[in-house]
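The structure appears below as structure tokens.
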Amino acid sequence: RWRKWQIRARIQSSIDRNLAQAMNELERIGNLLSLPKSVKDEAALIYRKAVEKGLVRGRSIESVVAAAIYAACRRMKIARTLDEISQYTKANRKEVARCYRLLLRELDVEVPVSDSKDYVTRIGSLLRLSGAVMKTAAEILDKAKTVGLTAGKDPAGLAAAAIYIAALQNDDRRTQKEIAQVAGVTEVTVRNRYKELINELKIQIPTQ
Amino acid sequence: MNIENIVATVTLDQNLDLYAMERSIPNIEYDPDQFPGLIFRLEQPKVTSLIFKSGKMVVTGAKSTDELIKAVKRIIKTLRRYSIRILGKPKIQIQNIVASANLHVHVNLDKAAFLLENNMYEPEQFPGLIFRMDEPKVVLLIFSSGKMVITGAKREDEVYKAVRKIFEKLNELECISAVEEEEELEL
DNA sequence: GCTTTAAAAAGTAAGGT
DNA sequence: ACCTTACTTTAAAAAGC
């Protein structure tokens, strides 16, 4: 009937308005993070699902957009921390994380367990490391995972430590400080993971 | 397995004057602008109680049912000592039990995250795998060390059941490996 | 949804010496 | 580098905003 049609049209237009605003936000944050178009498209898809399921009600569009971007990055294996993403929003990391968990629970969006090797790529490009260093770091992380050293640990910290070791072994010394900074963890964490890796994996560090 | 905390509600069928209680009872926190409940800390057994003007209270911190009952009796005795009229006997209901357990095995969280349903494993946010069990309806935080936290249970047997069940499940899914353990000191 | 309370797990963080 | 303190996660109730 006319009334029913009217209600549906009103809901549709509110979804449209929400989407238009969200797509602007997505574009803005995505560009600030230099995300490839494929990730922004994926995030848009996830956000659209969230709106259609009414998950944005009572939450800021911005934080749900940020959560969708984080989920898209994870799916596309583009390493970005929640802190990196939430810094461009008014919402804090905790709120974006809450929205992200909501998306995982309510939408059938498959997100793989985060892989520390994705962070190797990210840190490597920020520090302009050679392919050889990144390859060595990836091998260290594979070994660490096999031995069960990685469970429960922040993948960014693991990647940072592996890169620190790999750089030393490839004669391209980087400081724990610079690696920690781009990885988004503290020097203490890099040092702790580093010690654990060289001790448990019996890694020899070039003298000095 | 160890019960770490019990959250219970206590119902007294009467209204209470929280302002009068704040005036007469020492070591009480009451700031209605911040929270409608009055905060009362009992030192033995060490529990904390939130007391509301409706005569309902929330008691947290007890590590056993005995301790909980003893604590409620002492709280009421204390209130009476400060001449707060308490009629009738209190109705105690356990709302949540938090427990810890140790499977004494190493758990492959990556594999478990892939094979278990209703789980969340986000090591950048929290080191434990969060598993929502349907029956009994509890939530388990599972760590690679084999230690875990069980919460959401209303009865002690639900905790035992949940631990037994998760062990069997992880075992079937081959997410468990033995770990040589230096025996821990018992207190 | 938020506020307050308690408690464990393991990782990370921050401040002090 | 160490130590201490504190924050992340989970559940549940109370009354009020």
Rounded to whole Å, the CD1-P distance (B:Ile51 to C:dT4) equals 18 Å
Nearest-angstrom distance, P atom, D:dC7 to C:dT3
13 Å
Between P on C:dA7 and CG on B:Leu140, what's the gap in Å once rounded to a whole number?
21 Å
Rounded to the nearest angstrom, tell me the gap between atom CG in B:Asn102 and atom C1' in C:dA10.
13 Å
Between P on C:dT4 and CD1 on B:Ile28, what's the gap in Å once rounded to a whole number?
18 Å
Nearest whole Å is fine: how far is C:dG11 C1' from A:Glu196 CD?
11 Å
For B:Met1 and C:dA8, what is the distance between atoms CE and P respectively, to the nearest whole Å?
14 Å
For B:Asp33 and C:dC2, give me the distance from atom CG to atom C1', rounded to whole Å.
15 Å
Steps toward side-chain contact (heavy atoms from CB on, under 4.5 Å) verdict (B:Gln125, A:Arg101)
CA-CA 11 Å; B:Gln125 292 168 58; A:Arg101 274 179 242 126; 3.6 Å; yes
Would you say D:dA15 has OP1 or OP2 under 4.0 Å from some side-chain N or O of B:Ser54?
yes
Whichever of B:Pro36 and A:Asn192 has the more 5' nearest nucleotide on DNA chain C, that residue is B:Pro36
For DNA chain C, what dot-bracket results from Watson-Crick or G-U pairs at under 3.5 Å, with [ ] for crossers and | for inter-strand partners?
|||||..|.||||||||
What's the gap between D:dT9 and C:dT12 when it is taken at their C1' atoms, as a whole Å value?
13 Å
Would A:Arg191 and A:Glu187 pass as an ion pair if we require N to O under 4.0 Å?
yes
Stepwise side-chain contact (heavy atoms from CB on, under 4.5 Å) test for B:Phe131 and B:Glu117:
CA-CA 8 Å; B:Phe131 178 64; B:Glu117 69 288 359; 4.0 Å; yes
Check the surroundings of atom CD in A:Gln204: do more than 12 heavy atoms from other residues, nucleotides or ligands lie under 6.0 Å from it?
no
Would you tabulate the pairs of protein nitrogen or oxygen atoms and nucleotide nitrogen or oxygen atoms of nucleotides 8-11 of chain D closer than 3.5 angstrom?
residue	atom	partner	partner atom	Å
D:dT8	OP1	A:Lys94	NZ	2.8
D:dT9	OP1	A:Arg101	NH2	3.0
D:dA11	OP1	B:Arg132	NH1	2.5
D:dA11	O4'	B:Thr151	OG1	3.3
D:dA11	N3	B:Asn96	ND2	3.0
D:dA11	N3	B:Thr151	OG1	2.8

Gap between atoms CD and C1', on A:Glu187 and D:dC2 respectively (whole Å)
16 Å
Mind checking whether B:Glu124 and A:Pro155 have side chains closer than 4.5 Å, heavy atoms only?
yes
Determine the Euclidean distance between corresponding P atoms of C:dT4 and D:dA6; express it in Å to zero decimal places.
16 Å
Note: for A:Ala151 and B:Ser100 on DNA chain C, the residue whose nearest nucleotide lies more 5' is B:Ser100
Students often get this wrong, so: under 4.0 angstrom with heavy atoms, is B:Ser49 touching a base, only sugar-phosphate, or nothing?
nothing
